[in-house]
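Lettering follows sequence order; numbering is per chain, from 1.
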Amino acid sequence: LFSGNLVISSYARSGFVDNAFSVFSSMLEVDSVSWNALLGACARSGQIENAQLIFARMPEWSLSSWTNLIWMHCQGSNLEGSKRAFYEMPEWDTVSSNAMLASFARNGQTHEARELFDAISDKDEISWNTILAAYAQAGDLTSASSIFLGAPERSSISWNTMLASTSSFACAAQAMELFHEMAIEGHSPDQLSFSSLLNACSHAGSIDQSLLLFHAMARDHQELLIQSQHVTTMVDALGRAGRTLAAQELAEDDGRD
RNA sequence: UUCGUCUAGCUUA
């Protein structure tokens, strides 16, 4: 049973829903973990019909089952679906509330997100990061900053959330500043931080600044390796700016066409 | 590590 569940969940994570199904049906005995793992497999791969069938057939519903539904509808930007599941479930915990919070955030419902956030009694780091993301995605940098500063702790995810929002809703200089503060506070910028920043520069129209930054990345952060995705971003930015020659050079440096 | 929740861009367009 234990090992069967382990196999189902690993298939679920890799997106092999069919395999998860066959393991499930071949098991002599299943429990609620098996059912939830199977439900999670469908939810993750967006098989909404199947997920609903499984949900209906499950012998019992746990917090995990409901949270899977909320999360699935969140991924599909189906706010009503998330809310239906959330309000139908008998009790809430921090994880299910966080999932609902994410759905509000993704669908731009910052007020409802805030109400729910305030109502969560045991807020964890994810609750804070999710409400932060709600404001960040809506471009409300003022509220985002106050959440960011008010949170009990700031992880790399919090920093990246702020950085991404600043990159798209404020100016490149501010994004750059955050980027440096992040490092000073002991959170190494990662691939996400870089692409936000590159994007900020290219949207600011300062292609030359992007190029400088790009080369600085290669120099100062070799431990991150310049990933081809960044090269792609740069090439695209150059292309959009009509700098086809520079784009070509960059692409060739990277060994592509 | 037997099940559920948080961040960007690019691509698919």
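A continuous path of Ile, Leu, Val, Met, Phe, Trp and Tyr side chains, each step under 4.5 Å between heavy atoms, connects A:Trp61 with A:Met72, placing both in one hydrophobic cluster.
B:G9 and B:U5 have their C1' atoms separated by 23 Å, given to the nearest Å.
Considering only heavy atoms from C-beta on, A:Asn5 comes within 4.5 Å of A:Met27 through its side chain.
A donor-acceptor pair shorter than 3.5 Å cannot be found between the side chains of A:Ser146 and A:Ser143.
Taking the ring centroids of A:Phe179 and A:Trp159, they lie at or beyond the 6.0 Å cut-off. Aromatic pair A:Trp35/A:Phe24: ring centres closer than 6.0 Å. Residues A:Trp128 and A:Phe117 bring their aromatic ring centres within 6.0 Å. Note: A:Tyr11 and A:Phe21 fail the aromatic proximity criterion, with ring centroids not under 6.0 Å apart.
Residue pairs meeting the salt bridge (Lys or Arg N to Asp or Glu O under 4.0 Å) criterion with at least one member in residues 71-95 of chain A, sequence neighbours excluded, are A:Lys83-A:Glu112.
Using a 4.0 Å cutoff on non-hydrogen atoms, the parts of residues 135-163 of chain A near RNA chain B are A:Gln137, A:Ile157, A:Asn160, A:Thr161, ordered by number. The stretch residues 21-51 of chain A touches RNA chain B through A:Val33, A:Asn36, A:Arg44, each having a heavy atom under 4.0 angstrom from the strand.
Residue A:Leu6 is classed as a sugar-phosphate contact, given heavy-atom separations below 4.0 Å to backbone atoms only. Using a 4.0 Å heavy-atom distance criterion, A:Thr67 is classed as a base contact.
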